Structure formats: structure tokens, C-alpha cells
Amino acid sequence: VQDASPGGGAAVVHPAQVLSATTNDFIGWGVYKGEGAPGCPDNFNNHWRIYADSIISGVYSCQSNFGTVADNAANQTFQIDYEWCNIYSVFRWCLYWNGVLKGCIAIGGTTTDNVSGGSEEAPPAAPQQNLLVHYENMQYRKSTGGFVNWPIVGVCENDPPYWVDVDGVNIYWIRVR
Amino acid sequence: MSRRGLLASLGVGVVVAVGGLLSGAVSAIAPGCGEASAIDERDDSFTPWEGRFGYAPERPMQRVGQALDASRLHAAAPFADLTPEVELPLRAEYFVSVDDLDGNGIVEPAVIRYYSDSPWDSGTTFTEFIAAGGVILRIQAPAGMDAQYIADAVGTRATFVEIGPHLGALVHADPISSKGERPYYLTWSDGERDLQLIALAPAASVVNTARSPYCD
């Protein structure tokens, strides 16, 4: 992707997103370049900045104090688990990057009937960023049982975002590399 | 017309500002059973629709659960025997048993009620339903999703209000579409159940509706 510049919008890739099955809340976990979102600063350089955004009780928030990923980095893993969060000593959605816990976020539900990966998008004002994203491994896990592969493994290269519906509920964990 | 029901005409009332019920978080407390006519919101900022990285997808809002008749619902969810005075017809009622917010391995079932002037359409999206004036009431077995839970998550965007003897967190949501509609979310727990009321309506009427089952 060309490095974004001021006025050039943003390129956003969120390999992992959970959507509450019973509320309209969500959490996104991924990387971006270019113009930031409210709460996430602009990122005009050759590294992707890791971010998390969410909605709970109708309030959008974005945070990006998790580090960066080089343009040529490979085998990056993004994972969201609903489990005990050691940072706050409560149950929360826990955000892992390459196996390291980076943050915990609350939303109004603990399960999702839809997990998203392979999404890539530019905010409405941004030009097409011509992204090509490959996902080598996309898995989810329910409240019982181990990780299973998604029914579709993603290569995505177009706006609008690419969604995968998983048949069923009680999805507690998703993991994307 | 109900005295406190949602969309009811606003009567005379005074919101009393009281501080200190919860550490550093309270700015406006309405009398627990009075009729609120205005809410002094703590933080009137919001995030515009444009420029966010992610959005909740436009999908049918009721994706899980069972539509139950009243008798079966009572047996499955006795905690849902609570009837705030919403001045719109109840169009759908779903029983859902998927969430385990407190992480104890036992799901807390929920009942989600949809009130609207229009007939129920299961394909309606959340945005369409709320923007058209629909009201959503979510009642679940207690699992810690109370006013403090919301305030911890959204900070000053939550204004504490009294819901009868209970504490509620009132949030003026960010726009739910590019058209800029901003509904209110009111979350509270009465110890027997956790509740959330969502409506594109004046803050005071949302609060009054929530108070209705607790006040004569």
C-alpha cells in the first residue's frame, strides 16, 4: 500500500472483529495507516499502527497505544478472547497481538454470531487504498471445544468490508493470522 | 396517557444535582421517583459518524433467540416480569440465552422487547428500528451490567440518574448513521435483573419510562 499522507484518508485492516449477538456493540482489532479516527492519532509512516476500536452503550472509542507493525512483517496474529483479564482483574474481551495480551475491552455481550476478519476498508472520505490482504489462518472457538477453521479463509482486496458469518452462537474466541 | 411513559408530554419537574454517590462520577441525579423534565448531561461531546475505523454492520438486529409467547416466557425468564410504561405497542419479545458476562460459566438469559408503531419485521436493522422511533428494552438476569459497568466503559459520557431506588447510567449515544440520529441508552440494575432501554427520544422521557415500574 502506498503510505498515506495528510488528506489521503486511511487504510484500515481489522483481521478480528466481534459483534455482540444481543446488542449492537462491537470490537475491532487491527492496524491502520494514514488519517486517524477519534482517539487514534494520524499515522503517516511506513509502519502500521495497531489499534482497537469499539462501541459500547452507543459510544465509539478508539485506542492505538499498542505498538506498530512493519510493512513487511509476516505472520502477525490478532486474537480476541472473552476471558479473565489480568490487567483489570475482571472478565473482559482480551486483545492479543502475536500471543501477547495488549488490552481488554468491555462491551455489552460475551458472545457473537458473527465474526469478522479480512475486513479492509477506508473511511468514507478516503480514496481507494488498493489493499491486498492475505489471511493464512482464521479460526474461532466456542465456549467449549478447540479452535476450528473458519468456513472461508480470506483473501480480500476490495471495499466494502468482507464479512464471514459463522453458523451458531457462543463464539467466545477468534484468532486470525 | 401515562404519567411517566416514553413520549409522554413533559410535565413540570426539577432535576436536582447531587454529587458524590459514586466516586468522581456523578454530576446529575434526578429524583428517583419524580418526573424528570430535563437531564443535565455530564458530557455532551460525541464522536461523529464519519472518520471512524469500524462500524457495526447493518444486519437484522435480532439474530439469536426465540420468540416466545407470554406463558412460556414467564416460565423461562421470571426475572422479566417487569413492565416499564412504554407508550408504543410491544411488537416482539425474544428469549436469548447466550451471554455469560460475569464469566462464571453459567449464561445469564435475557429477554429483549421491541416496541414500535410499525408491525414487527425481523429483517429490520438496529439503525432502521431506532431511527423510526422504536424502543428496545433488554432485561437479563443479573450479571454485573449495571450503571457502574457502563460508566467504567464510557467515562464522562455516562450521567448517573436515579431509577426509583436504583442507579442508572444515561448515555447520549454517538450517531447511529450518517443522518446523525443519537439515541439514548439507559442502563441500570435493580438487583434482580440488569436492564437497558434504548430510544431516540428526549432523555427525560427515557428516564421516566425506566422509573415507571418502581414508582407509584
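Labels below follow one simple rule: chain letters A, B, ... track the order of the sequence lines, proteins then strands, and each chain is numbered from 1. Because the structure is a prediction, the values reported are computed rather than measured.
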> Is it true that a side-chain atom of B:Tyr149 and a backbone atom of A:Gly108 form a donor plus acceptor pair closer than 3.5 Å?
Replying inline: no
> How far does CZ of B:Phe53 sit from OH of A:Tyr60, to the nearest 0.5 angstrom?
Replying inline: 6.5 Å
>> Could you measure the distance from the OH atom of B:Tyr55 to the CG atom of A:Asp53? Nearest 0.5 Å is fine.
In response: 9.5 Å
> Looking at A:Gly109, A:Gly28, A:Gly30, which one has more heavy-atom pairs under 4.5 Å with chain B than the rest?
Replying inline: A:Gly109
> What is the minimum heavy-atom distance between A:Ser57 and B:Ala173, and which atoms define it?
Replying inline: O-CB, 4.4 Å
> By a 4.5 Å heavy-atom criterion (distance strictly below it), what part of A:Ile105 contacts chain B: side chain, backbone, both, or neither?
Replying inline: neither
>> Taking side chain as everything from C-beta outward and backbone as N, CA, C, O, which of these in B:Leu101 sits under 4.5 Å from a heavy atom of chain A? Side chain, backbone, both or neither.
In response: both
> Are there more than 12 heavy atoms of other residues, nucleotides or ligands under 6.0 Å from atom CG of B:Asn104?
Replying inline: yes
>> Quick check on the interface: out of B:Val96, B:Ile112, B:Ile150, who has the most heavy-atom pairs with chain A under 4.5 Å?
In response: B:Ile150
> So which of B:Thr127, B:Val154, B:Val171, B:Asp174 has the biggest tally of heavy-atom pairs under 4.5 Å with chain A?
Replying inline: B:Asp174
> Given a strict heavy-atom distance threshold of 4.5 Å, which part of B:Gln196 is in contact with chain A: side chain, backbone, both, or neither?
Replying inline: side chain
> How far does CG of A:Asn24 sit from OH of B:Tyr185, to the nearest 0.5 angstrom?
Replying inline: 5.5 Å
>> Under 4.5 Å from any heavy atom of chain A, what part of B:Asp152 do you find: side chain, backbone, both or neither?
In response: neither
> How long is the span from the OG1 atom in B:Thr187 to the CD1 atom in A:Ile56, to the nearest 0.5 Å?
Replying inline: 8.0 Å
>> I need the residue from A:Val59, A:Ile107, A:Val90, A:Ile27 with the largest number of non-hydrogen atom pairs under 4.5 Å to chain B.
In response: A:Val59
>> Quick check for you: to the nearest 0.5 Å, what is the distance between A:Ser54 atom OG and B:Arg52 atom CZ?
In response: 11.0 Å
>> Please find the pair of heavy atoms, one from A:Pro38 and one from B:Gly51, that lie closest to each other, and give the distance.
In response: CD-O, 3.7 Å
>> Once rounded to the nearest 0.5 Å, what's the spacing between atom CD of B:Glu108 and atom OG1 of A:Thr110?
In response: 7.5 Å
